[in-house]
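Here's the structure, in C-alpha cells; my notes come after.
Each chain gets a letter, A, B and so on, in the order its sequence line appears, and its residues count up from 1. Computed from a predicted structure; not experimentally measured.
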Number of protein chains: 2
Amino acid sequence: MDAVETQKTADFLKALGEFNRLSLVYNLCQCESSQNAMCLCDCCSVDASVVSRHLKTLAERGIVTFEKVGREKTYRLNREEVASQLRELADLIENRDCKRGCHDD
Amino acid sequence: MDAVETQKTADFLKALGEFNRLSLVYNLCQCESSQNAMCLCDCCSVDASVVSRHLKTLAERGIVTFEKVGREKTYRLNREEVASQLRELADLIENRDCKRGCHDD
DNA sequence: GAAATAATTGCATAAATGTGCAAGTATGCA
DNA sequence: TGCATACTTGCACATTTATGCAATTATTTC
C-alpha cells in the first residue's frame, strides 16, 4: 500500500470521523435535493462559520459537492462515490489474498 | 440518527483515519496469523511506544483484537466486523429512502 | 443606494492529538 | 538471581483541530 494512497484514505476517513461533520453527512443523506448551508446549520448546534468550515472540509475530500445559486450555496452528498470508497476499503480489509512478508507460517 | 450512535461511528472512523494507525491496519490486513506489536513496529517509522498507543486505540474501537502470549501481545484484525461496519455506513449513505423533514419538495 | 441575507475569513483560544524519551512493569531465560 | 525482551506509562512538547465572535464579501431586495 502506497503511502500517498494511505494518506488519502486516512484523510477521507478523518473527514467523516468528526461528530458534527458526520452529522452533516447524515443530514444530507436524508435529503433528495441539495440543501443550502443555512438549512444544514440546523442539524448541529454550532456557529454558522463552523458549519461553513466543516462543509469545506467535506468538499475537499470529495464527500460533498456544492453549487452556487445566487447568494446561497447548496450542497449534496456524493452518495455513490462515498459508498464505493467505503466498500472498497471493506473489500480490502476482508480480502486475505493480499498477504505479504508477514511473520506468518 | 441518534447522537450516541453518531459519535460511536465517528470514533470508529477517526480511529482508522490516521496515517500510522491505517498503516497498522493495512499491515495486519496482509497477515493471516496474529502479529506481535514489535513486528508491527516495522511498518511505521515511529517509536514502539507510539505503536503501542495506536494499537490500544484500535483495540478500543474494536478494530483489532489482542491476545497476551507470554510477554508478547499478538494482534489480529477484526476483518468481518470492520468490513461490515464500513458496508453498513455505505448502505446508509446510498439509501435514499430514509428521508426526513429536509427542505425537499 | 441602503438594508437584509448568505456565507466566508481572520483572529484568539481551548482542547485534543501525535510523538519521543525515559522510566516502569511483566515475563522469559540463563 | 540477574539480565534481556516486550510492552506500557508518565511527562513534555509541538501541532492540529474545533470553536465562537466579529468583520468582510457577495448577492438580493426594497
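- Distances from the side chain of K14(B) to the nucleotides dG20(C), dT19(D), dT17(C) place dT17(C) closest.
- The CD-P distance, from E18(B) to dT17(D), rounds to 11 Å in whole Å.
- Across all strands shown, F66(A) has no heavy atoms under 4.0 Å from either base or sugar-phosphate atoms.
- Contact of the R79(A) side chain with the C29(A) side chain is registered, since non-hydrogen atoms from C-beta on lie closer than 4.5 Å.
- When the P atom of dA26(D) is taken as reference, atom CD of E67(A) falls 20 Å away, rounded to whole Å.
- Looking at R53(A), its side chain comes within 3.5 Å of the base of dG20(D) through a donor and an acceptor atom.
- When rounded to the nearest whole Å, the span between CD of E72(B) and C1' of dT27(C) equals 10 Å.
- When the nearest nucleotides of DNA chain C are assigned to D47(A) and R71(A) by heavy-atom distance, the more 5′-ward of the two goes with R71(A).
- Nearest heavy atom pair, residue V51(A) against residue C44(A), reads CG2-SG, 4.4 Å.
- Residue S52(B) places none of its side-chain N or O atoms closer than 4.0 Å to OP1 or OP2 of dC7(D).
- Phosphate contact (OP1/OP2 of dT19(D), side-chain N/O of H54(A), threshold under 4.0 Å): present.
- Per the geometry, CD belonging to E60(A) stands 12 Å off P belonging to dT8(C), to the nearest Å.
- Paired with N36(A) under the rule side-chain hydrogen bond (donor to acceptor under 3.5 Å, both in side chains), one option of K73(A), R71(A), E67(A), E72(A) passes, and it is E72(A).
- Listed nucleotides: dA26(D), dC7(D), dT19(C). Nearest to the side chain of K68(A): dA26(D).
- Evaluated for a side chain to side chain contact (heavy atoms under 4.5 Å, CB included) with H54(A), the options N20(A), V64(A), V25(A) yield exactly one hit, N20(A).
- Proximity of K73(A) to the phosphate of dT8(C): a side-chain N or O atom is located under 4.0 Å from OP1 or OP2.
- Between T57(A) and K56(B), the residue anchored closer to the 5' end of DNA chain D is K56(B), taking for each the nucleotide with the nearest heavy atom.
- The distance between atom CG of L40(B) and atom C1' of dT8(D), rounded to the nearest whole Å, is 16 Å.
- Judged by distance alone with a 3.5 Å cut-off, no donor-acceptor contact links the side chain of S49(B) to the base of dC7(D).
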